[in-house]
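Note that ligands are numbered from 1 as they come in the structure, with each ligand's atoms numbered from 1 the same way. The shown structure was predicted, so the numbers you read here are calculated from the model rather than taken from an experiment.
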Amino acid sequence: MLKPRYLTNPYLSYFNLDGTVSSSLESCSPSKLVAKDPLVQEQNTDNVQRKITPWKCMNIETDLLDTQRLSATKEREYPGLIVIASLIDRLPNLGGLCRTCEILGVGKMTIPSAAAVKERDFTGVSVTAEQWLPMEEVPENQLIQYIMALKSAGWSIVAIEQASKSVPLQSFQFPEKCAILLGKEREGVPVEVLNHVDYCVEIPQHGLIRSFNVHVTGSIVLWEYVRQRIQ
Ligand code: SAH
């Protein structure tokens, strides 16, 4: 009788949840498996994480170099999608948004200053996403000029803001070539910038708190753009 694949596949590593690595399945109970192979998922009775290699077990050099080779040839999944984060000040929000953009296949992200990606408060959340996601420095004082240039090149500018003319997210069909503009953590999107956008979209709220965190907002909206296209 053939051994199940996860008993014979030499490329599988079995990471126990305490971070130790088991050389083979026999030496760890399936319930502790963190399997790297999707097939294991099907054959295991327990629901285990797939492919998640705990960071401390990653061989950063080889694993990331492989990613680099992959990303150097891999087209971005959504090249028409740009996230304009030039109004965001707080480094953890920028770093988190960079990570979300990279994971969801966003084409490009703008930031207010290129220096941000060197800051620990950024890299602590971005976990190297800035090395794989195309990024462009667009300071706030060049934002309107940048928006006008994008519009001339065929992009639709979609501000994400709680504004008098916002449309609810669930009713909005995102254009393919779309630049999503997020606002300042405290003041939001300035009115002089809002006057230059094509659409304004709002995430319906039901609680008492005034607004979402800006990275959370970006994540919800980006997923909706992807959801409208995912095969
Ligand atoms: N307008 C907010 C302040 C900005 S919140 C307030 O009065 O509290 C920071 C940014 O997060 C906003 O500029 C917007 O881009 C985004 N944001 C937060 N909650 C949102 C929502 N419910 N709908 C759309 N955008 C939101």
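- At a 3.5 angstrom cut-off on N or O pairs, Glu202 does not count as close to ligand 1.
- In this structure, SG in Cys200 is found 12.5 Å from CD1 in Ile157, a value given to the nearest 0.5 Å.
- Figure legend: cation-pi geometry between Arg76 and Tyr78 absent, as NZ or CZ is not positioned both under 6.0 Å from the six-membered ring centre and within 45° of its axis.
- With respect to Glu77 and Arg229, no salt bridge is recorded, no charged nitrogen being found less than 4.0 Å from a carboxylate O.
- Considering backbone and side-chain atoms alike, Gly183 places an N or O below 3.5 Å from some N or O of ligand 1.
- Among the atoms of Arg210, some N or O lies under 3.5 angstrom from an N or O of ligand 1.
- Ion pairing of Arg99 with Glu130 is absent here, as no side-chain N (NZ or NE/NH1/NH2) approaches a carboxylate O to less than 4.0 Å.
- Looking at Thr217 next to ligand 1, an N or O pair under 3.5 Å apart turns up.
- In terms of polar-atom proximity, defined here as any N/O pair under 3.5 Å, Gly188 makes no such contact with ligand 1.
- Residue Arg186 has no nitrogen or oxygen atom sitting less than 3.5 Å from a nitrogen or oxygen atom of ligand 1, judged on distance alone.
- Salt-bridge annotation for Lys151 and Asp198: present, with a side-chain N of the basic residue lying under 4.0 Å from a carboxylate O of the acidic one.
- Contacts with ligand 1 closer than 4.0 Å are made by side-chain heavy atoms of Gln205 only, the backbone lying farther away.
- Of the N or O atoms in Ile160, one or more lie within a sub-3.5 Å distance of an N or O in ligand 1.
- The N/O atoms of Val214, backbone and side chain alike, include none that comes under 3.5 Å of an N/O atom in ligand 1.
- Side-chain contact between Val221 and Tyr225: absent, with no pair of heavy atoms (C-beta onward) separated by less than 4.5 Å.
- Nearest protein neighbour of atom 23 (N) of ligand 1, counting heavy atoms only, is Ile203 N, 2.9 Å.
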